[in-house]
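Encoded as structure tokens, the structure appears first; notes follow it.
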Amino acid sequence: MKPFALKFMATGISIMLATGLFSSAWAAESVKVTVNGMVCAFCAQGIEKRLSKLPATKAVFVDLKKKVVAVEAKEGQTLDGKTITSEITDAGYDVVRLETVQQSVADIQAAMKAAK
Amino acid sequence: MKQMKHRLRWMLAPVFMAAAALAHAGPMGFKDSTMAMGDFSPNWREAWANHALTPRDALGAGGLYMRSDDKKLTREFAELTYTRLLHRINGEHSQANFWFVGGAGNLRGNDFSGSKTMLAPGVSADYETTRFYASASVRLYRAPGIKHDFASVRTGFSFYEVDYDETQPWLIVEARRMRGLSEKTEITPMLRLIHNRYFVEFGINNMKQGRFNFMYIF
């Protein structure tokens, strides 16, 4: 019984490790931007529209209260910070902070809603 | 001919409706966007559409129908417009804008024959947070022998903050005045609703006339 239990545990750990490695290899990547001047949804839609049109964009999330815009990259593609800054500036706003995070837009949205 | 004119007016009505919202959230959209604006009340019907060529410049066209308080005098102004964002201040929780709006076009009236060339330069400023709004605008409507200078101030507050995808209600009060057609100051409390690309306002002024404004970004 003991060797069987050990084998079972070892198999379980191997599966968990493999799953973890596999999922990290496919982890979503997003760019989180803090934007100044974003006070109204009507005006800020320019940001969403312009960023959604980028070829590498999978999803966009705008949080007016926290002044944050999150852009998720399509699988296997990378978002360019300079392009994102330029698009937000063309929409009429100022970028004050930009960071790349290993999270999907849905995860960022859920985390920000939970924090409210 | 009369029927044609009537039909044309109805066809142009949505365009005319789009213009008086000038001083509400900004008279132009973001770069490469097209924006329609309208303002409708019995004595003032205005509509614009413009296209933002750059983040700061937009070209457009619009029409304005004005009527005196006694309903005897009318004006119809069709114009080409240029809008310029002169300066923008993006704060952490606020935005302030300074705008120039210039218009040139054809003016017709029921107290003179033919038409006159009208020039209509104006400036406006607005300040906005997620809960507070204030703006002021001045526009000169000038043609030979005609001065219909216009001024308005607006202020208001939103009832609560909302997420990006929710509808936000505001209470806005506007006072506006135009020389030559009305000697009264029109005061209109309005309910403003903003939801994504939709922006509408409706209210009743101190002359008990209904008013409806809208803006839409394509």
Side-chain angles (χ1 to χ4, degrees), chain A residues 30-55 57 59-72 82-98 105-116, chain B residues 21 24-35 37 52-58 85 87-97 99 126-133 156 158 160-170 192-201 214-218:
Chain A
S30 298
V31 174
K32 226 170 132 180
V33 196
T34 306
V35 181
N36 268 6
M38 210 167 58
V39 291
C40 129
F42 183 76
C43 314
Q45 66 179 289
I47 294 176
E48 186 189 21
K49 264 194 162 182
R50 295 189 69 87
L51 292 176
S52 298
K53 281 183 183 171
L54 294 176
T57 299
V60 179
F61 166 64
V62 177
D63 190 313
L64 284 179
K65 291 178 189 170
K66 298 265 171 66
K67 319 297 176 206
V68 165
V69 175
V71 193
E72 183 178 337
K82 277 185 184 173
T83 307
I84 288 173
T85 301
S86 164
E87 292 296 334
I88 292 173
T89 305
D90 277 353
Y93 300 88
D94 294 339
V95 171
V96 290
R97 188 163 170 242
L98 192 142
V105 154
D107 291 341
I108 294 169
Q109 190 171 357
M112 293 186 89
K113 282 206 167 169
K116 281 176 186 170
Chain B
H24 307 177
M28 61 178 276
F30 52 92
K31 185 186 169 191
D32 300 326
S33 70
T34 299
M35 186 177 192
M37 298 159 272
L53 301 170
T54 76
R56 287 175 175 266
D57 304 277
L85 173 60
H87 190 57
R88 170 167 283 171
I89 302 165
N90 284 318
E92 192 179 347
H93 300 288
S94 65
Q95 188 181 71
N97 299 293
W99 305 92
D126 59 73
Y127 173 82
E128 191 174 356
T129 70
T130 51
R131 296 293 308 278
F132 173 76
Y133 176 83
S158 66
Y160 44 82
E161 281 191 322
V162 295
D163 283 328
Y164 180 67
D165 53 356
E166 293 172 335
T167 302
Q168 187 173 31
W170 292 70
R192 172 190 288 182
L193 299 172
I194 297 175
H195 182 80
N196 288 345
R197 67 178 68 179
Y198 300 95
F199 179 112
V200 293
E201 292 176 330
F214 79 89
M215 289 200 286
Y216 183 83
I217 296 183
F218 296 92

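Here is how names work: the chains are called A, B, and so on, in the same order as the sequence lines, proteins then strands, and each is numbered from 1. Values reported hereafter were calculated over all heavy atoms of this structure, with side chains retained and with hydrogens, waters and symmetry mates removed.
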Open item on the list: Under the criterion side-chain contact (heavy atoms from CB on, under 4.5 Å), I'd like the reasoning laid out for B/E128 against A/C40: C-alpha separation, chi angles, the key distance, then a yes or no.
Closed with: CA-CA 8 Å; B/E128 191 174 356; A/C40 129; 3.5 Å; yes
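Contacts of B/Y160 classified as ring-ring contact (aromatic ring centres under 6.0 Å, His included), with partners at least two apart in sequence or in another chain: none. Checked against ring-ring contact (aromatic ring centres under 6.0 Å, His included), B/Y127 has no partners two or more places apart in sequence or in another chain. Residues passing the side chain to side chain contact (heavy atoms under 4.5 Å, CB included) test with B/H195, sequence neighbours excluded: B/T167.
Counting heavy-atom pairs closer than 4.5 Å to chain A, the top-ranked of the candidates B/N196, B/T54, B/V162, B/T129 is B/N196.
Counting heavy atoms from C-beta outward, A/K113 and B/D163 have side chains that approach closer than 4.5 Å.
For B/E92, the CD atom sits in a loose shell: 12 or fewer heavy atoms of surrounding residues, nucleotides or ligands are nearer than 6.0 Å.
Proximity to chain A is limited to the side chain of B/I194, based on heavy atoms less than 4.5 angstrom apart. The parts of B/T130 that come within reach of chain A are both its backbone and its side chain, each placing non-hydrogen atoms under 4.5 angstrom from that chain.
The only option from A/V60, A/V69, A/V62 that meets the side chain to side chain contact (heavy atoms under 4.5 Å, CB included) definition with B/Y164 turns out to be A/V62.
Residues of residues 86-96 of chain A placed with any heavy atom under 4.5 Å of a heavy atom in chain B are listed by number as A/D90, A/A91, A/G92, A/Y93, A/D94.
A/R50 places a side-chain N or O within donor-acceptor distance of the main-chain N or O of B/K31, the cut-off being under 3.5 Å.
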